[in-house]
Amino acid sequence: MAHKNEQRQTRLIAEWMMQRYPRGGYTLNARLGPALDGLVESIGLDRALRESAPWRPRVDALAVEPGLVVLVEAEIRQVRNAVGNLLVYRNLVATTPELREHRHKAVEMVLLSPWTNSTIDAMARGSGVRVEIYNPPWIAEYVAELQVYWTKEYQERRAQKLALRALLGVE
């Protein structure tokens with residue numbers, strides 16, 4: 001079962017991609033990188049890619065435009081991690097068999113999030129990642145919850161709740 005955050009991220013990327021590319025032409029959860037070593041020679045490329053799927057990283061969305069391959073990573077909570085992931089994904093484009101005909105194109109990296117801050121902006125800028133803010137109404141409440149989580153009042157209430165659970169032996 002997917003976590004609620006994963007479901008929200010899936011919805012976030014799906015909605016944004018539909019708005020950005022209303023005619024389609026993009027892939028969600030696109031696998032990147034080569035097949036596992038030795039498999040292509042022994043079982044052929046198509047089967048090797050299928051069998052290697054669990055070990056190949058996935059970018060949240062990939063679009064091919066004239067002269068450009070666009071990699072989009074959506075993140076709601078741990079936004080900084082997306083910058084590092086995008087750098088890895090960019091380096092895998094050249095080794096991805098499905099993108100063979102697009103290897104000569106420039107790669108654009110996009111971090112999609114409902115929020116940002118100066119640290120994330122600096123990391124992204126320094127890494128060549130474009131930050132896109134997409135904050136639809138349905139996610140505003142969740143982002144507000146995230147902001148409250150670290151307040152002293154919330155942490156005190158949470159500590160009381162956990163202490164009560166332990167006292168009662170409730171998981």
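Worth knowing before you read on, the calculation uses all heavy atoms, side chains too, and leaves out hydrogens, waters and symmetry mates.
Tyr134 is connected to Tyr21 through a chain of hydrophobic side-chain contacts under 4.5 Å among Ile, Leu, Val, Met, Phe, Trp and Tyr, so both are in one cluster. Hydrophobic clustering of Ile, Leu, Val, Met, Phe, Trp and Tyr side chains at less than 4.5 Å, counting indirect connections, unites Met18 with Leu12. Ile120 and Trp16 fall within a single hydrophobic cluster, where Ile, Leu, Val, Met, Phe, Trp and Tyr are joined by side-chain heavy atoms under 4.5 Å apart, directly or via other members.
Legend: salt bridge (Lys or Arg N to Asp or Glu O under 4.0 Å) pairs involving residues 100-128, not counting sequence neighbours, sorted by first then second residue: Glu108-Arg130.
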Indicate every side-chain donor-acceptor pair of residues 26-41 with a distance under 3.5 Å to a residue at least two apart or in another chain.
unit_1 : atom_1 : unit_2 : atom_2 : d
Arg31  : NH1    : Ala53  : O      : 2.7
Arg31  : NH1    : Arg56  : O      : 3.3

Give every donor-acceptor pair under 3.5 Å between a side-chain atom in residues 79-92 and any protein atom, sequence neighbours left out.
unit_1 : atom_1 : unit_2 : atom_2 : d
Asn81  : ND2    : Gln78  : OE1    : 3.2
Tyr89  : OH     : Arg58  : O      : 3.2
Asn91  : ND2    : Leu87  : O      : 3.2

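Here the CD1 atom belonging to Ile139 is positioned 8.5 Å from the CD atom belonging to Glu15, to the nearest 0.5 angstrom. The NZ atom of Lys161 lies 5.5 Å from the CZ atom of Arg165; values are rounded to the nearest 0.5 Å. Distance check, rounded to the nearest 0.5 Å: CG of Leu162 to CZ of Arg157 gives 12.5 Å.
Using a 4.5 Å heavy-atom threshold, the side chains of Val72 and Met17 count as touching. Between Leu62 and Val93 the shortest side-chain heavy-atom distance does not fall below 4.5 Å. Residues Val110 and Val129 fail the side-chain proximity criterion, which asks for heavy atoms closer than 4.5 Å.
Across all non-hydrogen atoms, the minimal contact from Asp60 to Glu73 is N-OE1, 3.2 Å. Here the shortest heavy-atom pairing between Trp115 and Arg77 reads CZ2-O, 3.8 Å.
Checked by atom type and distance alone, the side chain of Ser113 never pairs as donor or acceptor with a backbone atom of Ile133 at under 3.5 Å.
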